[in-house]
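Values below: every heavy atom of this structure, side chains too, minus hydrogens, waters and symmetry copies. One is the number of the first residue; the rest follow in order along the sequence.
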Amino acid sequence: MKKEDQTVKNRHIFSEKRWLLALAIAGMIGGAFLISSVVRISDYSLLLASSRGAPAVEYSPTPIQLQAIIHYATSRIVPQQQLGEISVTFEVLKNRSPCNFLVFGLGHDSLMWTALNPHGTTLFLEEDPKWIQTVTKDVPNLRAHAVQYRTKLSQADDLLSHYRSEPDCSPEKAYLRGNTKCRLALTGLPDKVYDTEWDLIMIDAPRGYFAEAPGRMGAIFSAAVMARNRKGPGVTHVFLHDVDRRVEKLYAEEFLCKKYRGNSFGRLWHFEIPPVANVSQADGVGFC
């Protein structure tokens, strides 16, 4: 086969894969609507059983879901995560939605995550204010906040040493809001982030592929602190993308813990982290 023919064939295959992923995402969003409707109709049926003569209720997809289905069914731009990676989070959302879902990063998958959590709260934290304007120009209903990070990827090893010697980073004392002594703590987040108990946390940002980038050290540490400080029932589901990179893997094993790792796929790891109140001192050293 000629080189030119092979190039055309490869482009065709890539285009087909991208189209299939877009259709799969549209199908997931439609499925999320159906599941949400069935659950809510079931709950309403129980209410009817104890309240005769109550008015009938119709359930319809939310505007953001309709927009997402149309977008992914017609767009050439699809999320960077593979379908298998997306499916790991989708399986959890099917059981937990509506829920509180915190996402580090804003991108081509943001509309999808919001649509998969109908009637829940999905909040995005993004390092680039201009990118927020670009994305929300077409999808103004997305909830996104700009975040400034205090770290650089080149500091990753030094920050681990700092964590081990700084009392305010220790698992017994670690907190986020106002914790300026611990360089891994994200102290500049909106109050909404600190005041909300997050059921799911997705870490797919900030950038972590060159020395001067912020790296995901602070996001991983802070997600672990949020999960451990949970007061409500159940675990916190933490999803970390790009675990093929050294720093993501290193920090995941230090703060998110192998023993809490659940279903994973490709470059995405899924952790189910219990509140510290449910963990005995004998369960491990440090965060793990």
Side-chain angles (χ1 to χ4, degrees), residues 79-82 85-86 88-89 101-110 113 122-129 131-132 135 144-164 166 169 171 174-177 179 182-190 193-194 198 200-229 236-258 260-262 264-273 286-288:
Q80 290 182 326
Q81 289 190 26
Q82 301 177 42
E85 294 168 340
I86 294 170
V88 172
T89 308
F101 187 10
L102 180 65
V103 183
F104 285 87
L106 182 71
H108 300 305
D109 56 359
S110 299
W113 295 131
T122 305
L123 181 66
F124 302 92
L125 301 178
E126 170 58 41
E127 63 177 300
D128 185 353
W131 180 239
I132 292 178
V135 174
H145 293 279
V147 177
Q148 289 186 337
Y149 292 90
R150 300 189 289 162
T151 60
K152 294 181 180 179
L153 183 65
S154 59
Q155 302 169 336
D157 293 332
D158 177 61
L159 287 169
L160 269 185
S161 299
H162 163 75
Y163 141 72
R164 291 171 180 143
E166 173 53 58
C169 290
Y175 62 100
L176 299 181
R177 181 159 38 195
N179 188 358
C182 180
R183 291 161 57 196
L184 282 171
L186 297 182
T187 59
L189 303 179
V193 178
Y194 300 123
W198 300 100
L200 280 74
I201 302 175
M202 169 73 73
I203 305 172
D204 206 359
R207 294 169 298 168
Y209 53 87
F210 60 97
E212 295 301 306
R216 298 179 185 173
M217 301 83 68
I220 294 171
F221 173 85
S222 297
V225 172
M226 292 179 195
R228 288 169 58 86
N229 291 342
T236 302
H237 296 268
V238 179
F239 306 89
L240 175 62
H241 198 225
D242 297 318
V243 294
D244 56 321
R245 302 194 301 215
R246 172 182 171 274
V247 170
E248 277 80 356
K249 185 176 182 180
L250 179 66
Y251 272 70
E253 292 175 348
E254 181 71 38
F255 298 111
L256 304 180
C257 313
K258 286 183 178 180
Y260 299 141
R261 184 177 162 190
S264 303
F265 185 92
R267 296 183 297 136
L268 183 122
W269 283 355
H270 168 212
F271 299 86
E272 301 178 31
I273 303 178
F287 277 77
C288 298

task: Please list, chain by chain and in numerical order, all residues satisfying side-chain contact (heavy atoms from CB on, under 4.5 Å) with Arg183, sequence neighbours excluded.
output: Gln155, Asp158, Leu159, His162

field: Over all atoms of both residues, closest heavy-atom pair of Val243 and Gly266
entry: CG2-O, 4.4 Å

statement: Nearest heavy-atom approach of Asn229 to Ala174 is ND2-O, 3.8 Å

message: Main chain of Asn179, side chain of Thr187: is a donor-acceptor contact present, judged purely on distance under 3.5 Å?
response: no

- prompt: Residues two or more places apart in sequence or in another chain: which of them pass salt bridge (Lys or Arg N to Asp or Glu O under 4.0 Å) with Asp128?
  reply: none

message: Restricting to ring pair (Phe, Tyr, Trp, His ring centres under 6.0 Å), what partner residues turn up for Phe124, sequence neighbours left out?
response: none

Got a list of side-chain donor-acceptor pairs under 3.5 Å for residues 207-227, not counting sequence neighbours?
unit_1, atom_1, unit_2, atom_2, d
Arg207, NE, Glu127, OE1, 3.3
Arg207, NE, Glu127, OE2, 3.3
Arg207, NH2, Glu127, OE1, 3.2
Glu212, OE1, Lys152, NZ, 3.0
Arg216, NE, Pro206, O, 2.8
Arg216, NH1, His241, O, 3.1
Arg216, NH1, Asp242, OD2, 2.9
Arg216, NH2, Asp204, O, 3.1
Arg216, NH2, Asp242, OD2, 3.1
Ser222, OG, Leu186, N, 3.2
Ser222, OG, Gly218, O, 2.8

statement: What one should report as the nearest heavy-atom pair of Ala252 and Leu240 is CB-CD2, 3.6 Å

- request: Ignoring hydrogens and angles, tell me if any N or O in the side chain of Trp198 forms a donor-acceptor pair with the backbone of Val193 under 3.5 Å.
  value: yes

message: To the nearest 0.5 Å, what is the distance between OH on Tyr149 and CG on Leu125?
response: 6.0 Å

task: Side-chain contact test, heavy atoms from C-beta onward, threshold under 4.5 Å: evaluate it for Leu250 versus Leu160 and give yes or no.
output: yes

message: Can you give me the closest heavy-atom contact between Cys288 and Leu256, atom names plus distance?
response: SG-C, 4.4 Å

message: In this structure, is the centre-to-centre distance between the rings of Phe287 and Phe255 below 6.0 Å?
response: yes

- prompt: Considering residues at least two apart in sequence or located in another chain, which fulfil the side-chain hydrogen bond (donor to acceptor under 3.5 Å, both in side chains) criterion with Thr122?
  reply: Asn117

query: Can you name the closest pair of heavy atoms from Ile132 and Leu106 and give their distance?
result: CA-CD2, 3.7 Å

query: Side chain of Trp269, backbone of Arg261: donor and acceptor closer than 3.5 Å?
result: no

message: Taking Arg267's backbone N and O only, do any of them form a donor-acceptor pair with Glu85's side chain (distance below 3.5 Å, no angle check)?
response: yes

- prompt: Do Thr89 and Trp113 pass the side chain to side chain contact (heavy atoms under 4.5 Å, CB included) test, and can you show the C-alpha distance, the side-chain angles, and the key distance before you say yes or no?
  reply: CA-CA 9 Å; Thr89 308; Trp113 295 131; 3.7 Å; yes

field: Trace of the side chain to side chain contact (heavy atoms under 4.5 Å, CB included) decision for Leu184 with Tyr251
entry: CA-CA 11 Å; Leu184 282 171; Tyr251 272 70; 4.0 Å; yes

- prompt: Going from CG on Leu189 to CG on Leu102, what distance comes out if it is rounded to the nearest 0.5 angstrom?
  reply: 8.0 Å

message: List the residues meeting salt bridge (Lys or Arg N to Asp or Glu O under 4.0 Å) with Glu254, not counting sequence neighbours, and say none if there are none.
response: Arg164

- request: Measure the CD-CG distance between Gln80 and Asp109 for me, rounded to the nearest 0.5 Å.
  value: 8.0 Å

task: Give the ring-plane orientation class for Phe239 versus His270, where under 30° counts as parallel, over 60° as perpendicular and anything between as tilted.
output: parallel

